[in-house]
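These notes concern the structure reproduced below.
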Amino acid sequence: MLLSIDDYKGCFYEQGMQFYTRDCAVRNKNVFNFATEPVMDSEQEEEYGDLPPQGVITFSRDGNQWGASFLYGFEPVVLGASFKPTGHSVSIEPYDADLELDERTGLRVFIAGSGQVFLDEPLATFDEQSGGESGAFERGGISKLKMIDGWLYACGGNRGFGKRLGKGKWQSFTQFFPFDKNAPVEGYGFEDFDAFNEQDIYLVGGRGDVWQFDGKKARQIPIPTNVNLETVCCGDDGEVYISGAKGMTFHRRGDRWERVENEEPYEDSSNLPFRDMVWHEDKVWATNDDGLWVIENNVIKEADIPDWVRDCYGSLSTGDGVLLLAGEAGAVFRENGEWHKILLFGEMEALLKAEKGR
């Protein structure tokens, strides 16, 4: 366990509410970030309504240091991390909060890390007339943040895609992805993206909407399904893995897609699509609120892990040789083939109860 009782109370309790981990991001092998949400009683639900407080936590393995910030009036943030130009956690509202139209100035962006904590310039809506020159790229909300070659990238609905260059500065790539505002919205991505490098990026979403982007031009890639696509993973084996509704998963060999087989029918064990799919230790790992799976030898199967690890499924992040797993039960990480506890809420609550009983 890498969390003291004092750090636990300072980071996972606020205004009498207990917070649990909802999302996670690896900044590097020594710095992990978490997004948290509270468990509220009826009075707190009435007070905060549809906008409960959001927690953003930074944990550094160097010195076992913890720090937390709490955001009020935010929609549940999408979490990411960057190494360039500076090591930060980046939290962005997925869509406009419940504000009056004349009060909306863009999606709010919260930055923490490297000795800084601040609200960055809001993400502005993509301007078709400027063709992306302003850097504004948001076209349909924000769905996923990921690091590519150290830089933070963001994708969203209606084929929005951009790169954070620094404080208040973004580069738009949205202009490379055509969008017909009169077409059915469910046909368009993006829900997720992944990359081999900045010149070979794959983006997915909507009904079979798959694109490859080389930094200068984009091309749509046919895939033999029209299910809603949710996640994509670029593996160190050179293949691209894409998942959709009920875990339907494909991998790409050259220009041909093949269906990934199920050791046991995934749809029999979960009604949820994968939330995250990443490459770590020579295999694909995938998770949602129902479990943790791996893809090996073109087969999806339940991960062989200890029970205390299995309890933490929900969100995945990887980078710098580390796999981070976090959910409502706690957070753990895998490094060099071994799992390690960060915190388990059940154990921390037992310690807190024992402290109060002294």
Legend entry - By side-chain hydrogen bond (donor to acceptor under 3.5 Å, both in side chains) - contacts of Trp285 (at least two apart): none
Legend entry - Residue pair Phe176, Phe213: steps toward the ring-ring contact (aromatic ring centres under 6.0 Å, His included) verdict: CA-CA 9 Å; Phe176 295 103; Phe213 182 58; 5.4 Å; yes
Inset, instruction - Mark yes or no for whether Ser172, through its side chain, and Thr174, through its backbone, hold a donor-acceptor pair below 3.5 Å. - result: yes
Legend entry - Residues Glu37 and Arg22 bridged, charged N to O under 4.0 Å: yes
Inset, instruction - For Asp209 and Gly189, work out which heavy atoms get closest and say how close. - result: OD2-N, 2.9 Å
Legend entry - For the student: nearest non-hydrogen atoms of Leu145 and Ala154, plus distance: CD2-CB, 3.3 Å
Inset, instruction - Would you check if there is a donor-acceptor pair between the side chains of Asp200 and Gln212 at a distance under 3.5 Å? - result: yes
Legend entry - Ring centre gap for Trp66 and Phe59 strictly below 6.0 Å: yes
Legend entry - Flag, side chain of Gln199 to backbone of Gly215, donor-acceptor distance under 3.5 Å: no
Inset, instruction - Identify the heavy atoms of Ser317 and Cys24 that sit nearest to each other, and give their distance. - result: CB-O, 3.7 Å
Inset, instruction - Indicate, with yes or no, if the rings of Tyr188 and Phe179 have centres closer together than 6.0 Å. - result: yes
Legend entry - ILVMFWY network linking Val309 to Leu323, side-chain heavy atoms under 4.5 angstrom: yes
Legend entry - Nonpolar side-chain network containing Val299, other nodes, edges under 4.5 Å: none
Legend entry - Distance-only polar pair, side chains of Asp237 and Tyr241, donor-acceptor under 3.5 Å: yes
Inset, instruction - Would you name the heavy atoms of Arg207 and Asn226 that are closest together and state the gap between them? - result: CB-O, 3.3 Å
Legend entry - Between Gln116 and His88, a side-chain donor and acceptor under 3.5 Å: yes
Inset, instruction - Return yes if some donor-acceptor pair links the side-chain N/O of Ser114 with the main-chain N/O of Gly87 below 3.5 Å, else return no. - result: yes
Legend entry - Basic-acidic side-chain contact under 4.0 Å: Glu302, Arg310: yes
Legend entry - Presence of salt bridge, Lys84 and Asp149, under 4.0 angstrom: no
Inset, instruction - Please identify each residue that fulfils side-chain contact (heavy atoms from CB on, under 4.5 Å) with Glu328, with sequence neighbours left out. - result: Tyr20
Inset, instruction - Starting from Met147, walk the hydrophobic network (Ile, Leu, Val, Met, Phe, Trp, Tyr; side-chain heavy atoms closer than 4.5 Å) and list everyone else you reach, by chain and number. - result: Phe83
Legend entry - Residues which pass side-chain contact (heavy atoms from CB on, under 4.5 Å) with Glu128, listed by chain and number, not counting sequence neighbours: Phe126, Arg139
Inset, instruction - Examine Phe118 and Leu165 and state if one hydrophobic cluster contains both, with Ile, Leu, Val, Met, Phe, Trp and Tyr joined whenever side-chain heavy atoms are less than 4.5 Å apart. - result: no
Inset, instruction - Tell me, please, which residues at least two apart from Tyr13 pass ring-ring contact (aromatic ring centres under 6.0 Å, His included). - result: Tyr8
Inset, instruction - State which residues pass side-chain contact (heavy atoms from CB on, under 4.5 Å) with Asp6; sequence neighbours excluded, sorted by chain then number. - result: Ser4, Lys9
Legend entry - Minimum-distance pair of heavy atoms, taken over all atoms of Asp276 and Gly314: OD2-O, 4.4 Å
Legend entry - Those residues that, when tested against Phe32, pass ring-ring contact (aromatic ring centres under 6.0 Å, His included) (two or more places apart): Phe333
Inset, instruction - Using distance alone, with no hydrogens and no angle criterion, decide if Thr231 and Ser243 have a side-chain donor and acceptor under 3.5 Å apart. - result: yes
Inset, instruction - For the residue pair Asn336 and Glu281, confirm or rule out a side-chain donor-acceptor distance under 3.5 Å. - result: no
Inset, instruction - Check ring-ring contact (aromatic ring centres under 6.0 Å, His included) between Tyr202 and all other residues, then give those that pass, not counting sequence neighbours. - result: none
Inset, instruction - May I ask you to check whether Asn33 and Thr58 show a side-chain donor-acceptor distance below 3.5 Å? - result: yes
Legend entry - Ion pair check, Arg275 and Glu230, cut-off under 4.0 Å: no
Legend entry - Charged N-O contact under 4.0 Å between Asp192 and Lys146: yes
Legend entry - Phe173 reachable from Phe196 in the ILVMFWY side-chain graph, under 4.5 Å edges: no
Legend entry - Partner set under side-chain contact (heavy atoms from CB on, under 4.5 Å) for Glu45, not counting sequence neighbours: Met40
Inset, instruction - Say whether Ile221 and Leu203 are linked into one hydrophobic cluster, either directly or through other cluster members, by side-chain heavy-atom distances under 4.5 angstrom. - result: no
Legend entry - Electrostatic pair Glu335:Lys29 at N-O distance under 4.0 angstrom: no
Legend entry - Electrostatic pair Glu347-Lys341, nearest N-O below 4.0 angstrom: yes
Inset, instruction - List in chain and number order the residues that pass side-chain hydrogen bond (donor to acceptor under 3.5 Å, both in side chains) with Asp120, two or more places apart in sequence or in another chain; answer none if no residue qualifies. - result: Arg164
Legend entry - Residues which pass ring-ring contact (aromatic ring centres under 6.0 Å, His included) with Phe345, listed by chain and number, not counting sequence neighbours: Phe12
Inset, instruction - Anything under 30° is parallel, anything over 60° is perpendicular, the rest tilted; go ahead and classify Phe161 against Phe177. - result: perpendicular
Inset, instruction - Locate the shortest heavy-atom distance separating Phe74 from Leu51; write the atom from each residue and the value. - result: O-CD2, 3.6 Å
